[in-house]
Amino acid sequence: MESGECEKGMLEYVRKSTPPPFLLKTYMLVEDPVTDEVISWNADGTAFVVWQPAEFARDLLPTLFKHSNFSSFVRQLNTYGFRKVTTSRWEFCNEMFRKGARQLLCEIRRRKAWSNKQQNNNNTTNQANPRELDEDQRSSSTSSSSDYGNLVDENKRLKKENGVLSSELSTMKKKCKELLDLVAMYASQEKEEKEEDERPKLFGVRLEVEGERERKRKRAEIIASAVLSQSCK
């Protein structure tokens with residue numbers, strides 16, 4: 001009997017002294033300076049910010065959590081007592097989740113696990129208040145709905161920006177083609193003129209015919225003006 005109680009006590013000690021894997025992995029991501037553009041601490045180190053949710057879900061979540069669902073990640077944070085600091089960005093805080101205080105992670109426990117423990121210890125005397133549980137569920141549901149709505153809005157914004165970039169790229173391709181066509185036309189005209197050049201020669205050198213230089217200058221100005229107008233559209 002004593003041996004069983006001792007073993008149970010040791011297991012409880014190990015459980016309390018070891019941070020939950022989810023918190024440890026999240027802390028590693030926030031601490032890593034390589035990922036600061038995507039996720040990092042806030043200015044005073046009391047909360048962390050997911051700066052780029054789409055990139056975070058696509059590139060970082062699968063490496064440690066084996067999924068790419070940002071909403072699922074947020075729900076996990078909620079179960080550990082994290083709260084969203086502001087509606088303008090994905091910033092989360094927990095008084096035991098702080099920069100440079102990794103040892104405090106052991107103090108953070110899942111809400112559900114805490115509730116079950118209280119029920120087992122106190123049976124009917126200290127059972128969780130059904131009203132409080134209902135409020136927690138509504139709060140979690142509201143948070144999840146808000147998170148989903150924010151993700152949808154972010155996805156729409158990214159699609160709109162992508163459409164604008166695609167349109168600009170198509171315009172630039174069209175301008176480049178027009179410029180190449182102008183250059184090709186100018187080169188072709190030069191070649192034809194050289195082949196049809198019937199100016200007299202003196203000692204193997206063609207003589208300049210009156211007005212020829214002026215015509216060349218004007219033609220070059222026309223071509224340059226056309227190229228410039230195309231590039232400025």
Side-chain angles (χ1 to χ4, degrees), residues 15-116 132-169:
R15 185 182 70 83
K16 288 183 177 181
S17 60
T18 304
F22 172 79
L23 296 177
L24 195 57
K25 292 176 181 180
T26 302
Y27 194 88
M28 290 168 58
L29 282 176
V30 179
E31 280 279 88
D32 190 353
V34 176
T35 60
D36 280 354
E37 292 186 357
V38 179
I39 180 173
S40 70
W41 295 106
N42 65 357
D44 55 7
T46 58
F48 71 90
V49 184
V50 181
W51 303 103
Q52 302 181 46
E55 288 75 2
F56 176 76
R58 184 191 64 209
D59 302 330
L60 298 183
L61 279 182
T63 62
L64 292 178
F65 299 100
K66 309 303 180 185
H67 69 81
S68 58
N69 191 327
F70 184 68
S71 294
S72 177
F73 174 77
V74 173
R75 285 194 296 272
Q76 280 282 81
L77 291 175
N78 290 335
T79 63
Y80 282 100
F82 284 78
R83 62 185 179 84
K84 200 165 182 284
V85 177
T86 175
T87 58
S88 62
R89 63 184 186 182
W90 296 96
E91 183 174 356
F92 304 93
C93 74
N94 183 304
E95 60 181 6
M96 297 298 176
F97 195 93
R98 295 173 175 271
K99 185 176 183 180
R102 185 171 177 174
Q103 72 280 2
L104 294 179
L105 296 180
C106 299
E107 304 297 325
I108 305 176
R109 293 295 163 195
R110 290 176 65 97
R111 288 178 175 177
K112 184 178 179 180
W114 181 86
S115 177
N116 289 338
E132 292 179 357
L133 291 175
D134 186 51
E135 289 177 354
D136 285 343
Q137 291 175 352
R138 287 201 302 269
S139 176
S140 177
S141 176
T142 301
S143 176
S144 298
S145 299
S146 175
D147 295 340
Y148 177 76
N150 288 333
L151 284 175
V152 170
D153 291 340
E154 178 73 7
N155 187 47
K156 288 181 179 179
R157 184 183 66 81
L158 291 174
K159 283 184 177 180
K160 184 177 180 180
E161 291 181 356
N162 186 56
V164 173
L165 291 174
S166 297
S167 177
E168 291 179 352
L169 180 60

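Computed from a predicted model, the values in this text were never measured in an experiment.
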Check: Any sub-3.5 Å donor-acceptor pair from Asn42's side-chain atoms to Thr46's backbone N or O?
Finding: yes
Item checked: Distance (rounded to the nearest 0.5 Å) between Leu24 CG and Ile108 CD1 -> 11.0 Å
Note to self: side chain to side chain contact (heavy atoms under 4.5 Å, CB included), that's the test. Do Glu91 and Phe48 meet it? Break it down for me.
What the structure shows: CA-CA 6 Å; Glu91 183 174 356; Phe48 71 90; over 6 Å; no
Next item on the list: Look only at the side chain of Ser72 and the backbone of Asn69, and say whether a donor-acceptor pair between them is shorter than 3.5 Å.
Entry: no
Notebook entry, point to check: Is a side-chain N or O of Asn94 found less than 3.5 angstrom from the main chain of Tyr80, in a donor-acceptor match?
Noted result: yes
Next item on the list: Please round to the nearest 0.5 Å and tell me the distance separating atom CG of Asp36 and atom CD of Glu31.
Entry: 9.5 Å
Check: Just how far is it from atom CD of Gln76 to atom OG of Ser71, taken to the nearest 0.5 Å?
Finding: 12.5 Å
Check: Are side-chain heavy atoms of Glu168 and Leu165 found at a separation under 4.5 Å?
Finding: yes
Notebook entry, point to check: Are the side chain of Lys84 and the backbone N or O of Phe92 linked by a donor-acceptor pair below 3.5 Å?
Noted result: no
Check: Are the aromatic rings of Phe56 and Trp51 close, with centres under 6.0 Å apart?
Finding: no
Notebook entry, point to check: Does any donor atom in the side chain of Gln52 or Arg58 lie under 3.5 Å from an acceptor atom in the other side chain?
Noted result: no
Next item on the list: Report the distance from atom CD1 of Ile39 to atom CG of Leu29, rounding to the nearest 0.5 Å.
Entry: 5.5 Å
Next item on the list: Ignoring hydrogens and angles, tell me if any N or O in the side chain of Ser167 forms a donor-acceptor pair with the backbone of Gly163 under 3.5 Å.
Entry: no
Next item on the list: Applying side chain to side chain contact (heavy atoms under 4.5 Å, CB included), run through Leu105 and Met96 and close with a yes or a no.
Entry: CA-CA 6 Å; Leu105 296 180; Met96 297 298 176; over 6 Å; no
Check: Is it true that atom CD of Glu37 has more than 12 heavy atoms of other residues, nucleotides or ligands lying nearer than 6.0 Å?
Finding: no
Check: What are the two closest heavy atoms between Arg98 and Glu95, and how far apart are they?
Finding: NE-O, 2.9 Å
Margin query: Quick one, Thr26 and Phe65 - any side-chain contact, counting heavy atoms below 4.5 Å?
Written below: yes
Next item on the list: Can you measure from NZ (Lys25) to CG (Leu60) and round to the nearest 0.5 angstrom?
Entry: 13.5 Å
Margin query: Angle between ring planes, Phe22 versus Phe73, binned at 30° and 60°: parallel, tilted or perpendicular?
Written below: tilted
Next item on the list: Give a yes or no answer on whether the side chain of Arg109 reaches the backbone of Cys106 with a donor-acceptor pair at less than 3.5 Å.
Entry: yes
Checklist line | Met28 CE to Leu64 CG distance, which is reported to the nearest 0.5 Å | finding: 6.0 Å
Check: Which heavy-atom pair separates Ala47 from Val85 by the least distance, and what is that distance?
Finding: CB-CG2, 4.4 Å
Checklist line | Nearest non-hydrogen partners of Ser68 and Ala57, listed with the distance | finding: CB-O, 3.1 Å
Check: What is the minimum heavy-atom distance between Trp90 and Pro53, and which atoms define it?
Finding: CD1-CG, 3.3 Å
Note to self: Can you confirm if the aromatic rings of Trp41 and Phe97 lie within a centre distance of less than 6.0 Å?
What the structure shows: yes
